[in-house]
Amino acid sequence: MSVDNYAQIDIPFNARYTCLFCGEPSNDAVNIPYSVDDIPYAPHEPLSVPACSECLVVVKKARCQSIYQYRNAVKAALTRKYQKALSIGSNWTEQELKDSEFEGAAFEGFKRSAWMMYTMAKERVNYSGWPLCLDGIPLEADDEAGGFAFDGTEFVSIEHAIEHYIKTFHLDAILLPELVKLLGKDKFGYSVRISRLYLNITAAERIQIIADIVENQA
Ligand SMILES: [Zn+2]
């Protein structure tokens with residue numbers, strides 16, 4: 001099959017010229033899977049889907065097979081790229097930003113744009129596209145779905161969420177994953193809060209903290 005005649009995914013009227021991956025305006029399209037070598041391993045027909053130039057770059061580098069894997073790869077890449085913008089929502093509320101007493105031209109600019117940057121990044125990362133159909137027939141469902149949502153942001157997986165919060169709050173790189181493993185996904189917020197209390201710890205301190213937490217939970 002030549003690369004220019006993949007079937008176009010069905011696009012709802014209100015999503016014309018919209019990137020399937022992040023919801024930004026798009027005039028471009030990309031083939032899924034991107035490499036012809038991956039077509040035999042894709043669980044669906046080769047597809048052409050609308051993508052913005054930024055998501056296109058990720059797709060070209062990702063080396064996945066299914067549209068679902070590509071979607072996760074783009075989500076993970078956007079989460080990493082906009083980590084700082086996403087962290088604004090973890091560090092501030094909109095009202096706190098408005099009320100903050102910081103002064104100076106640089107901070108005024110930050111205040112004006114920060115919340116907008118945060119909401120734009122979050123909307124792009126959380127964008128879920130539309131139901132995927134080809135000529136009216138739904139695509140094979142995603143059998144690897146395993147996302148994790150926390151504090152309004154959807155992550156590809158719990159591991160991606162851990163990575164994001166370690167960067168956002170400069171957490172100990174071992175403590176948070178250990179706590180999440182021991183306490184479970186349901187206590188993710190608690191694990192983040194504990195980890196924020198103990199920055200710059202030694203290995204011995206870390207072992208003690210984990211032992212204390214586990215004992216408290218027992
Ligand atoms: Zn996009």
Side-chain angles (χ1 to χ4, degrees), residues 3-39 41-90 113-135 138-165 167-168:
V3 288
D4 53 9
N5 63 352
Y6 287 13
Q8 191 195 54
I9 193 102
D10 294 358
I11 302 172
F13 187 77
N14 62 2
R16 287 168 313 151
Y17 315 114
T18 302
C19 173
L20 174 68
F21 299 100
C22 75
E24 283 288 293
S26 146
N27 285 315
D28 237 326
V30 66
N31 290 332
I32 302 290
Y34 185 69
S35 165
V36 286
D37 298 340
D38 287 322
I39 291 177
Y41 310 105
H44 50 69
E45 292 290 302
L47 302 166
S48 166
V49 307
C52 71
S53 52
E54 201 177 338
C55 295
L56 198 69
V57 172
V58 181
V59 168
K60 285 182 179 176
K61 279 197 250 163
R63 200 64 209 266
C64 300
Q65 282 105 37
S66 77
I67 181 65
Y68 308 108
Q69 292 168 341
Y70 278 103
R71 204 154 63 176
N72 280 347
V74 171
K75 191 193 273 274
L78 292 179
T79 307
R80 288 204 180 103
K81 186 168 176 186
Y82 295 106
Q83 185 265 329
K84 284 218 161 65
L86 290 168
S87 74
I88 290 164
S90 306
S113 61
W115 199 255
M116 198 182 76
M117 280 160 44
Y118 162 65
T119 48
M120 280 175 65
K122 191 175 77 167
E123 276 170 23
R124 290 184 71 193
V125 166
N126 287 359
Y127 187 70
S128 58
W130 53 85
L132 301 176
C133 299
L134 205 52
D135 294 326
L139 288 198
E140 193 93 21
D142 182 10
D143 54 0
E144 299 170 31
F148 176 72
F150 182 71
D151 205 15
T153 299
E154 289 171 28
F155 296 92
V156 170
S157 65
I158 186 98
E159 289 76 22
H160 281 87
I162 288 170
E163 180 191 315
H164 175 76
Y165 283 98
K167 279 192 211 149
T168 296

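Every number for a ligand or one of its atoms is a count from 1 in the order of the listing. Just so it is clear, the values below take in all heavy atoms, side chains as well, and ignore hydrogens, waters and symmetry mates.
By the ring pair (Phe, Tyr, Trp, His ring centres under 6.0 Å) test, F148 pairs with F188, sequence neighbours left out. Applying the salt bridge (charged side-chain N to carboxylate O under 4.0 Å, His left out) criterion to E54, with sequence neighbours excluded, gives K81, R124. Partners of K167 according to the salt bridge (charged side-chain N to carboxylate O under 4.0 Å, His left out) rule, which considers only residues two or more places apart in sequence or in another chain, are E163.
T18 and E24 share no side-chain donor-acceptor pair at under 3.5 Å.
The number of protein N, O or S atoms lying under 2.8 Å from the Zn ion (ligand 1) is 4.
Using a 4.0 Å cut-off between charged side-chain N and carboxylate O, K122 and E154 make no salt bridge.
Taking the six-membered ring where tryptophan is involved, the planes of F155 and H164 are tilted, since the angle between them lies from 30° to 60°.
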